[in-house]
Amino acid sequence: MLNFTVGPVMSCEEVRTIGAEQVPYFRTPEFSKIMFENENLMKKFAKADENARVVFLTGSGTAAMEAAVINVFDTKDKVLIVNGGSFGQRFVKICQIHQIPYTEIKLEIGKKLTQEMLDQYDGKDYTGFLVNIHETSTGVHYDPVMISEFCKKNNMFLLVDAISSFLADEFDMEKLGVDLMLTGSQKALACPPGISVIVLSEHAVQRVYEKTPQCLYLDLKEALKNGERGQTPFTPAVGILRQIHARLLEIEKAGGVEAETAKIASLAADFREKIKDMPFEIPSESMSNAVTPLHPLNVSAYKIFETLKDEYHIWVCPNGGDLAEKIFRVGHIGALTTDDNTSLVEALKDMQNRGLL
Ligand SMILES: *Cc1c(COP(=O)(O)O)cnc(C)c1O
């Protein structure tokens with residue numbers, strides 16, 4: 001199997017070996033040590049401030065999105081949401097459910113966020129800004145520097161879902177003034193799904209301690225307090241946290257976040273070069289290194305996904321809803337190589353010869 005989806009992605013051998021081991025009991029100093037190291041490496045890779053904290057939630061990325069929103073905003077806030085696809089829409093839904101006043105900046109598929117769009121909301125008393133910095137559903141990466149400047153100028157709390165962008169695209173939490181960022185275990189961390197990670201700046205930590213969300217499991221105060229001793233309030237996905245530990249150490253040993261981002265960027269560039277004469281259009285104005293969205297000119301995108309899966313044992317990422325027939329995506333995160341890119345391109349060329357592309 002060769003997996004080019006955007007999560008779960010392929011894991012390295014060490015991570016898979018840990019997955020086959022017995023799961024240890026976790027209220028121990030040994031497990032706490034792993035959690036402290038996980039926290040320190042996440043802070044380092046996100047380039048968070050010295051007093052930042054990290055919470056590891058057992059739940060997929062959406063759990064972290066909801067936890068983040070309800071722990072820092074309430075009905076007295078007024079937030080702006082960049083809605084460029086299904087993940088932006090998820091923030092809208094979360095705000096609706098929790099009655100947080102919001103305005104959407106709705107983007108057409110594949111379009112980037114522009115300064116003119118932001119300018120409309122300048123000086124309008126918004127208190128927060130919610131963005132999926134890489135809208136994975138359409139493969140559009142928004143400009144973090146432009147967003148950062150707008151939020152600093154307007155004194156807005158900046159909450160960034162970087163689930164599919166973390167490690168794949170350059171990101172400096174402190175420099176950008178990002179108050180809170182979140183990611184998940186099954187994207188570029190290349191572990192099984194089940195853990196989401198929230199990095200809170202010192203400012204965000206203070207904010208969390210001032211609020212009481214209407215939820216027991218996702219109350220981050222408990223997670224932060226327990227985290228001071230390397231523990232979690234409830235039984236976490238212990239095995240995945242051990243896998244994350246191995247993976248973070250692996251990244252550190254190979255040169256840290258810069259080296260990992262460079263590796264993903266070069267895989268993406270290699271793939272984009274190899275397919276440049278094939279019958280595809282790239283339907284994104286601004287791509288992340290994590291994903292290449294492709295619009296096939298002659299055939300259904302969903303059919304390509306099915307044929308690759310059933311006849312070549314290669315997985316790419318199909319799109320849902322209105323985009324299913326139009327777009328599929330090729331991921332560049334996880335344990336992939338340029339040889340793997342060649343295998344995928346050869347399969348596509350074979351399909352072309354068979355009249356299927
Ligand atoms: C993958 C992803 C999520 C999380 O989805 P889950 O299925 O809940 O893990 C959220 N936001 C973005 C931008 C993503 O790419």
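Start at 1 and go down the list; that is how both ligands and their atoms are numbered. Keep in mind that the numbers below use all heavy atoms, side chains included, and drop hydrogens, waters and symmetry copies.
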Note to self: Looking at every non-hydrogen atom in both residues, tell me the closest pair between Lys43 and Val54 and how far apart they are.
What the structure shows: CG-CG2, 3.7 Å

Check: Where is the tightest heavy-atom contact between Asn319 and Arg329, given as atom of each residue plus distance?
Finding: OD1-NE, 2.8 Å

Notebook entry, point to check: With Phe328, which of Phe280, Phe4, Phe305 fulfils ring-ring contact (aromatic ring centres under 6.0 Å, His included)?
Noted result: Phe280

Check: Which parts of the protein, at residue level, reach under 4.0 Å of ligand 1 through a heavy atom?
Finding: Ser60, Gly61, Thr62, Met65, Phe87, Arg90, His134, Thr136, Asp161, Ile163, Ser164, Gln186, Lys187

Notebook entry, point to check: Hey, is the main chain of Leu189 close enough, under 3.5 Å, to the side chain of Arg247 for a donor-acceptor pair?
Noted result: yes

Check: Quick check: does any side chain N or O of Arg16 sit under 3.5 Å from a backbone N or O of Ser11, one acting as donor and the other as acceptor?
Finding: yes

Margin query: Any carboxylate oxygen within less than 4.0 angstrom of a Lys/Arg side-chain nitrogen, looking at Lys78 and Asp125?
Written below: no

